[in-house]
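Scope of the values below: all heavy atoms of this structure, side chains included, with no hydrogens, waters or symmetry mates.
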Amino acid sequence: LENAMLREQVAVATRENAALEEKVAGERRRLETEVDDLAGKVRAYEQLELELDSAVLRAGGAPEPGVADAGLRDAAVAAGLSRPERRVRHAVLLAQRLLKA
């Protein structure tokens with residue numbers, strides 16, 4: 001009798017575990033999709049930022065941004081600057097390049 005009860009408890013626990021694993025797998029897929037979407041938006045934003053920098057520099061008569069400018073942007077991200085701080089730093093660097101031109 002005790003053995004049958006334990007087997008039933010194991011069966012219930014196994015079903016609950018399977019349901020939880022399925023739920024976690026679905027949530028993981030949803031989160032991975034969301035991360036992929038956000039990564040795509042970031043890439044598009046970064047490309048737009050490069051195009052805007054190039055247009056501003058051309059309009060100001062300065063040489064277009066190059067690999068070093070992308071490195072500065074990556075360094076700002078790596079330094080953990082928030083989006084507003086990074087934008088301000090980037091705007092200052094862009095203004096400095098225009099003044100040198």
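- For the pair R30 and E27, the salt-bridge criterion is met [side-chain N within less than 4.0 Å of a carboxylate O].
- For the atom pair CG of L38 and OG1 of T33, the computed distance is 11.0 Å after rounding to the nearest 0.5 Å.
- Neither V42 nor L50 shares a network with the other; the hydrophobic side chains, linked directly or stepwise wherever heavy atoms of I, L, V, M, F, W or Y lie under 4.5 Å apart, form separate groups for each.
- Residue pairs meeting the salt bridge (charged side-chain N to carboxylate O under 4.0 Å, His left out) criterion with at least one partner in residues 14-24, sequence neighbours excluded, are E8-R15.
- E2 pairs by the side-chain hydrogen bond (donor to acceptor under 3.5 Å, both in side chains) definition with nothing, not counting sequence neighbours.
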